[in-house]
Each structure stands twice: as structure tokens, then as C-alpha cells.
Undergrad: 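Below are the C-alpha cells for one structure; questions will follow.
Both counts, for ligands and for their atoms, begin at 1 and track the order of listing. Index from 1, following the sequence. Only this structure's heavy atoms are used, side chains among them; waters, hydrogens and symmetry mates stay out.
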Amino acid sequence: MPASPQAPGAVRIQPSIAAGNLLRLEDEVRALEKGGADGIHFDCMDGHFVPLLTIGVPFLEQMRACTRLHLDVHIMVTNPDAVFEQYLAAGADTLTFHPEVALHAHRLCTAIRARGKRAGLALNPGTSWRFVESLLPFVDQITIMAVNPGFSRQAHIPEMAEKVRELASHAKAKNLVFDIQVDGGVNEGNAALLAQHGATVLVAGGAVLGKPDYGAAIRALRAERS
Ligand code: DX5
Ligand code: ZN
């Protein structure tokens, strides 16, 4: 289990494995372990919620068998209610789905936690955090998408930092404890600001797996939280 979001310290960095070399996934995992990644962000796409298909359940099962790193699974699928169990069974530690398409988001969060796993909700750039305000006591992580989901290496939407700040301030005022993750276009130029605004976990695709030295790239993103 990762450190409490309330603990002081540096923001956690979870590289997005789908941004790596998909023909050499085990090598990518070893390089991320060596580079000090705090977990692996595992993006699954269904060709409906987003246009592409990427790695899915069979890859996740094999990745679970090959690493002890925290597996942070982000399912960009239109039918999370129907498929979430498969990802839990395959070894997800945190399972994050999109409430924009979930039929029964509260039931899903509760079911994920009942299995001893962490439940996450990912919000598209056009979705206000207020949309999930009533679910905040039931989640372990809120992911603020800073790109429209679907592709790595898109331009970061800087206005999402304000959404992070508002959510972090609401959580503090209400004594709610969950991670605030930012996913999409995170880089050396915006990581410190996102951490200052209240992000506790940063996903990085191109900013780590697009660099020659993963360890140096991870260290460059690991800003101190305020
Ligand atoms: C977007 C994915 C992200 C993305 C991250 O659809 O959820 O995890 O691939 O990649 P970068 O950091 O390159 O935007
Ligand atoms: Zn993602």
C-alpha cells in the first residue's frame, strides 16, 4: 500500500507503461524498477471510449507475475461495470475507471475496496470534480485527466491545475483522504506546479519512457509537495 496521501514528502511518479516499447515490456518494467518508479500506470483502452486498443487483461496478468511494483490500472472503457472484475483478478492494485460511463460508480468503488484494492475515478478535462463530490468518501484516488484520454504525448491542459487545487482544498476542508493523481502531458515544466496545487501522484508517459535515462527522468519530475 502506498504512503498516505497526507504524509509529507515528494509526489509519487507512476510511468505509463503503454508509452514504452510494447515489444519489450519486461525490459521496460525492469528499467522502471531500476529507475525508482513508485508504481506502473497501466492504461487499458477499448476502441470505444477512446479510439485505440492497447494492452489489456492478459498483459496485466503477466506484468503482475513479473514485478512487485504497485500496478495502477486506468481503464478507458465504456463498460467498467461489466469488466472491472477481470482487472482485479489480473492483479490491479489500484483500479481507476471513468464515472462518466459507469452505470453504478458507487457500487464499483465499494466492490473494488471489498476486494482489498484501491478504487479510483478518472475525470475527463470536461468533467467537474463536483460530478463525483458525493463519491469522495468512497475512493482512494481521483485522477484529473490533463489531456483528453486516448493517446500519450499530447499537450498538457494547464487549466487542470486549478481543478487539482480546488479538489485538494475541498478534501482538506472536509477531512477526506485520497490521492489526487494527474494524468496527461506531465513534464518537468509542470510537475512542481501540480504538486504545489495538491497532486500527490503524477503519471508520466512520454516524459519518462520517451527519455533515454528513466531514473533521471523520474527524479526530474519528483517535486516536493507543499
Ligand atoms: C491518456 C493516458 C495517459 C497517457 C500518459 O490516454 O491515460 O496515461 O498515456 O502519457 P503522457 O504522459 O505522454 O501524456
Ligand atoms: Zn492513464
Undergrad: Any idea which N/O/S atom from Asp183 gets closest to the Zn ion (ligand 2)?
TA: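 Atom name of the closest N, O or S in Asp183: OD2.
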Undergrad: If you count the atoms of ligand 1 from 1 in the order shown, which ones are under 4.0 Å from a heavy atom of Val203?
TA: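 In order of number, 8 (O).
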Undergrad: Looking at Arg165 and Glu162, is any side-chain nitrogen of the basic one under 4.0 Å from a carboxylate oxygen of the acidic one?
TA: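 Looking at Glu162 and Arg165, the cut-off is met.
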Undergrad: Counting C-beta onward and ignoring hydrogens, is there a side-chain heavy-atom pair between Tyr214 and Pro15 closer than 4.5 Å?
TA: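 Of all side-chain heavy-atom pairs linking Pro15 with Tyr214, none is under 4.5 Å.
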Undergrad: Between Asp140 and Arg113 (salt bridge meaning N to carboxylate O under 4.0 Å), is one present in this structure?
TA: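 The answer is yes: the pair qualifies as a salt bridge.
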Undergrad: Numbering the atoms of ligand 1 from 1, which are under 4.0 Å from a heavy atom of Met145?
TA: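 The list of qualifying atoms is 7 (O).
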Undergrad: Just give me the atom name: the N, O or S atom of His74 closest to the Zn ion (ligand 2).
TA: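 The closest N, O or S atom of His74 to the Zn ion (ligand 2) is ND1.
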Undergrad: To the nearest 0.5 Å, what is the distance between CD on Gln14 and CD1 on Ile40?
TA: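 The distance works out to 9.5 Å.
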Undergrad: Closest non-hydrogen protein atom to atom 6 (O) of ligand 1, residue and atom name please, with distance?
TA: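 The closest heavy atom on the protein side is Gly150 N, 2.6 Å.
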Undergrad: Which single N/O/S atom of Asp43 lies at minimum distance from the Zn ion (ligand 2)?
TA: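 Checking each N, O and S atom of Asp43, the shortest distance to the Zn ion (ligand 2) belongs to OD1.
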Undergrad: Got the closest protein heavy atom to atom 13 (O) of ligand 1, with its distance?
TA: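 The closest heavy atom on the protein side is Arg153 N, 2.8 Å.
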Undergrad: Using a strict 4.0 Å threshold on nitrogen-to-oxygen distance, state whether Lys163 and Glu166 make a salt bridge.
TA: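 Answer for the salt bridge query: no.
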Undergrad: Show which atoms of ligand 1 fall inside a sub-4.0 Å distance from at least one heavy-atom site of His41.
TA: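 Checking each atom against His41, I get 8 (O).
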Undergrad: Determine, for Lys34 against Asp213, whether the closest basic-nitrogen to carboxylate-oxygen distance falls under 4.0 angstrom.
TA: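 Salt bridge: no.
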Undergrad: Tell me the protein heavy atom at minimum distance from atom 3 (C) of ligand 1, and give that distance in Å.
TA: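 Of every protein heavy atom, Asp183 OD1, 2.9 Å lies nearest to atom 3 (C) of ligand 1.
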Undergrad: Backbone or side chain, does any N or O of Gln154 fall under 3.5 Å from an N or O of ligand 1?
TA: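 For ligand 1, there is no N or O atom that lies under 3.5 Å from one belonging to Gln154.
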Undergrad: For ligand 1, which atoms have a heavy atom of Gly206 less than 4.0 angstrom away?
TA: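 Once the distances to Gly206 are compared, the set is 11 (P), 12 (O), 13 (O).
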Undergrad: Check His41, Lys117, His70, Gln181 against Thr94 for a side chain to side chain donor-acceptor pair (under 3.5 Å) and give me the one that passes.
TA: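 The residue from His41, Lys117, His70, Gln181 that satisfies side chain to side chain donor-acceptor pair (under 3.5 Å) with Thr94 turns out to be His70.
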Undergrad: Does an N or O from Asn148, backbone or side chain, lie closer than 3.5 Å to an N or O of ligand 1?
TA: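 By distance alone, the answer is no.
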Undergrad: Between Asp81 and Arg107 (salt bridge meaning N to carboxylate O under 4.0 Å), is one present in this structure?
TA: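 Salt bridge: no.
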Undergrad: Identify whether the distance between the nearest side-chain nitrogen and carboxylate oxygen of Arg222 and Asp38 falls below 4.0 Å.
TA: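 Salt bridge present between Arg222 and Asp38.
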Undergrad: Is there a donor-acceptor pair under 3.5 Å between the side chain of Thr54 and the backbone N or O of Met45?
TA: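 Indeed, once roles are kept as given, a pair shorter than 3.5 Å links the two residues.
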Undergrad: Return the closest protein heavy atom for atom 12 (O) of ligand 1 as residue, atom name and distance.
TA: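 Answer, as residue, atom name and distance: Gly205 N, 2.8 Å.
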Undergrad: Hey, is ligand 1 close enough to Pro149 that some N/O pair sits below 3.5 Å?
TA: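 Checking ligand 1 against Pro149, no N or O pair falls under 3.5 Å apart.
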Undergrad: At the 4.0 Å heavy-atom cut-off, does Ala204 count as touching ligand 1?
TA: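 Judged by the 4.0 Å heavy-atom criterion, Ala204 does count as contacting ligand 1.
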Undergrad: Any atoms of ligand 1 less than 4.0 Å from a non-hydrogen atom of Met76? List them with their elements.
TA: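 Counting atoms of ligand 1 from 1, those under 4.0 Å from Met76 are 6 (O), 7 (O).
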Undergrad: Check whether any heavy atom of Ala19 sits under 4.0 Å from an atom of ligand 1.
TA: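 The answer is no: ligand 1 sits nowhere under 4.0 Å from a heavy atom of Ala19.
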Undergrad: Show me which atoms of ligand 1 lie under 4.0 Å from any heavy atom of His74.
TA: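 Counting from 1, the qualifying ligand atoms are 7 (O).
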Undergrad: For atom 9 (O) of ligand 1, what is the closest protein heavy atom, and at what distance to 0.1 Å?
TA: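 Closest protein heavy atom to atom 9 (O) of ligand 1: Ser152 OG, 2.8 Å.
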Undergrad: Compute whether any side-chain donor of one residue and acceptor of the other, for Thr143 and Asp183, lie under 3.5 angstrom apart.
TA: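 There is no such pair (donor and acceptor under 3.5 Å, judged by atom type) between the side chains of Thr143 and Asp183.
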Undergrad: Gly184 heavy atoms, cut-off 4.0 Å: which ligand 1 atoms fall inside?
TA: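 Near Gly184, the atoms of ligand 1 are 14 (O).
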Undergrad: Name the orientation class of the two ring planes belonging to Phe138 and His106 (parallel below 30°, tilted from 30 to 60°, perpendicular beyond 60°).
TA: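 The rings of Phe138 and His106 stand perpendicular, inter-plane angle above 60°.
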Undergrad: Would Gly185 count as a contact of ligand 1 if the rule is a heavy atom under 4.0 Å away?
TA: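 So Gly185 counts as touching ligand 1.
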Undergrad: How far apart are the C-alpha atoms of His74 and Phe42, what are their side-chain angles, what is the distance that settles it, and do they pass the ring pair (Phe, Tyr, Trp, His ring centres under 6.0 Å) test?
TA: CA-CA 6 Å; His74 175 198; Phe42 193 96; over 10 Å; no
Undergrad: For ligand 1, indicate whether the residue His156 contacts it via side chain, backbone, both or neither (heavy-atom separation under 4.0 Å).
TA: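 Near ligand 1, His156 shows nothing, with every heavy atom at 4.0 Å or more.
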